[in-house]
Number of protein chains: 2
Amino acid sequence: MENTKGFLEHLVERLRTQGYRLTPQRMAILSTIVYSHIHPTAEEIYQQVAADFPMISLATVYKTLNVLKNLGIVAELQMDGSSHYDRDLTPHPHLVCVQCHSIADLPPETMSKMSQEALSTTGFRALWYDIKIYGLCAQCQAQGEETADPLMAPCLFQSQTI
Amino acid sequence: MENTKGFLEHLVERLRTQGYRLTPQRMAILSTIVYSHIHPTAEEIYQQVAADFPMISLATVYKTLNVLKNLGIVAELQMDGSSHYDRDLTPHPHLVCVQCHSIADLPPETMSKMSQEALSTTGFRALWYDIKIYGLCAQCQAQGEETADPLMAPCLFQSQTI
DNA sequence: TTCTCTCAAGAAAATGATTTTCCACAGGAC
DNA sequence: GTCCTGTGGAAAATCATTTTCTTGAGAGAA
């Protein structure tokens with residue numbers, strides 16, 4: 001990541017200029033997201049922040065995440081039933097490993113060609129997108145595929161390699 | 001749609017050969033999905049089926065949808081918090097209108113070029129995908145955009161045209 | 001036909017992620 | 001210091017979905 005420190009300070013400044021108070025809890029939540037590379041869930045953020053603030057409530061995490069989301073400071077990424085949070089607001093595709101559940105990013109340019117070509121005939125005006133590509137990451141392929149997550153079995157059932 | 005009648009019979013046959021009983025409720029749920037063009041939710045399917053079976057329970061709808069999903073007869077499509085059901089199992093992108101909430105399909109070919117190019121360098125082995133493009137459908141653009149759904153505002157806030 | 005045996009439907013309770021409510025408190029404005 | 005609004009935390013509420021439990025219906029065996 002680029003200069004994460006400066007980036008964090010910039011986000012903090014945005015919070016303040018929008019009239020929000022800068023509490024220790026909010027700082028902790030924001031920096032957890034900014035320094036994380038795993039697109040954490042609310043629960044994961046809560047666990048991490050609770051290491052420093054044992055009294056923090058999950059409700060506070062959710063409230064703060066909604067503030068950050070509505071200010072356009074973090075992006076929400078919905079994955080089968082629960083939300084993950086992404087510090088990167090630029091729309092970009094995600095690669096989701098069905099075995100280790102890792103979520104990787106793909107560069108945003110990947111999408112632009114397709115969207116222009118594909119949408120030109122539909123009359124649809126695209127504003128943003130949500131792309132998830134499910135499969136096996138390089139590591140999990142290397143380890144062999146015999147142990148695919150049974151939770152993902154229903155999804156795999158209906159899939160063919162694309 | 002092609003010959004929907006024959007298609008429905010084919011699905012019914014698959015249910016039977018897998019050892020599932022063919023109850024009136026299941027027939028009604030399956031045909032609701034097959035004849036629908038709106039990618040209905042469980043609740044919408046329930047409402048529709050309840051017109052013929054006033055005693056049906058929402059739990060029955062959910063149980064049946066899980067059976068159909070696990071047999072690979074219908075596909076589940078997750079949209080901000082709730083599931084929609086699609087009779088078309090071939091992975092294909094969806095166009096979601098942020099104003100009228102309609103969900104349209106894009107042909108599957110749209111994706112293939114991109115996936116090959118984009119993934120070739122990552123080592124990721126794609127199995128299937130989930131693509132949603134959010135924006136305004138042709139009708140809503142024609143009606144003017146002043147009345148964008150306030151519920152979608154948080155999303156719009158962080159978007160730029162892609 | 002009658003007796004099982006299993007599957008399915010329906011009602012109600014349970015679940016899990018998220019949101020709301022309510023109250024006490026803390027920081028800034030006056 | 002006093003007021004005022006924003007905030008954190010606990011607990012209750014919500015919403016979609018799943019599970020549990022009980023009853024009944026259908027298929028097959030005797």
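Lettering follows sequence order; numbering is per chain, from 1.
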Enumerate the residue pairs fulfilling side-chain hydrogen bond (donor to acceptor under 3.5 Å, both in side chains) with a member in residues 21-32 of chain A, sequence neighbours excluded, ordered by first and then second residue.
->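 Matches after skipping sequence neighbours: none remain.
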Nearest-angstrom distance from the residue atom [atom1] of [X] to [atom2] of [N]:
X: Phe53(A); N: dA10(D); atom1: CZ; atom2: P; answer: 14 Å
X: Glu43(B); N: dT14(D); atom1: CD; atom2: P; answer: 17 Å
X: Gln78(A); N: dT17(D); atom1: CD; atom2: P; answer: 12 Å
X: Leu58(B); N: dT19(D); atom1: CG; atom2: C1'; answer: 14 Å

Compare side-chain N and O positions of Thr41(B) against OP1 and OP2 of dA16(D) and report whether any pair is under 4.0 Å apart.
->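 No, no such contact exists.
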Who are the side chain to side chain contact (heavy atoms under 4.5 Å, CB included) partners of [X], not counting sequence neighbours?
X: Leu22(B); answer: Val12(B), Leu15(B), Arg16(B), Met27(B)
X: Ser57(A); answer: Ala59(A), Thr60(A)
X: Pro107(B); answer: Glu109(B), Thr110(B)

Of Ser57(B) and Ser82(A), the one whose nearest nucleotide on DNA chain C sits closer to the 5' end is Ser57(B)
Residues within residues 59-67 of chain A bordering DNA chain C, heavy-atom distance below 4.0 Å |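 The stretch gives Ala59(A), Tyr62(A), Lys63(A), Asn66(A) as the residues lying under 4.0 Å from the strand, ordered by number.
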Where along residues 17-33 of chain B does a heavy atom fall under 4.0 Å from DNA chain C?
-> Tyr20(B), Arg21(B), Thr23(B), Gln25(B), Arg26(B)
With sequence neighbours left out, which residue pairs that include part of residues 31-41 of chain B fulfil the salt bridge (Lys or Arg N to Asp or Glu O under 4.0 Å) condition?
-> none
Does anyone know the first and last nucleotide of DNA chain C in reach of chain B, 5' to 3', at under 4.0 angstrom to a heavy atom?
-> dT6(C) to dA12(C)
By side-chain hydrogen bond (donor to acceptor under 3.5 Å, both in side chains) - contacts of [X] (at least two apart):
X: Ser83(B); result: Glu76(B)
X: Glu43(B); result: Gln47(B)
X: Lys132(A); result: Asp130(A)

Going by atom types alone, do Lys69(A) and Asn66(A) pair a side-chain donor with an acceptor below 3.5 Å?
-> yes
Which atom of Phe124(B) lies closest to which atom of Cys137(A), heavy atoms considered =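 Minimum heavy-atom contact is CD1-CA, 3.7 Å.
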Residue list, ring pair (Phe, Tyr, Trp, His ring centres under 6.0 Å) with His94(A), at least two apart or on another chain = His39(A), His92(A)
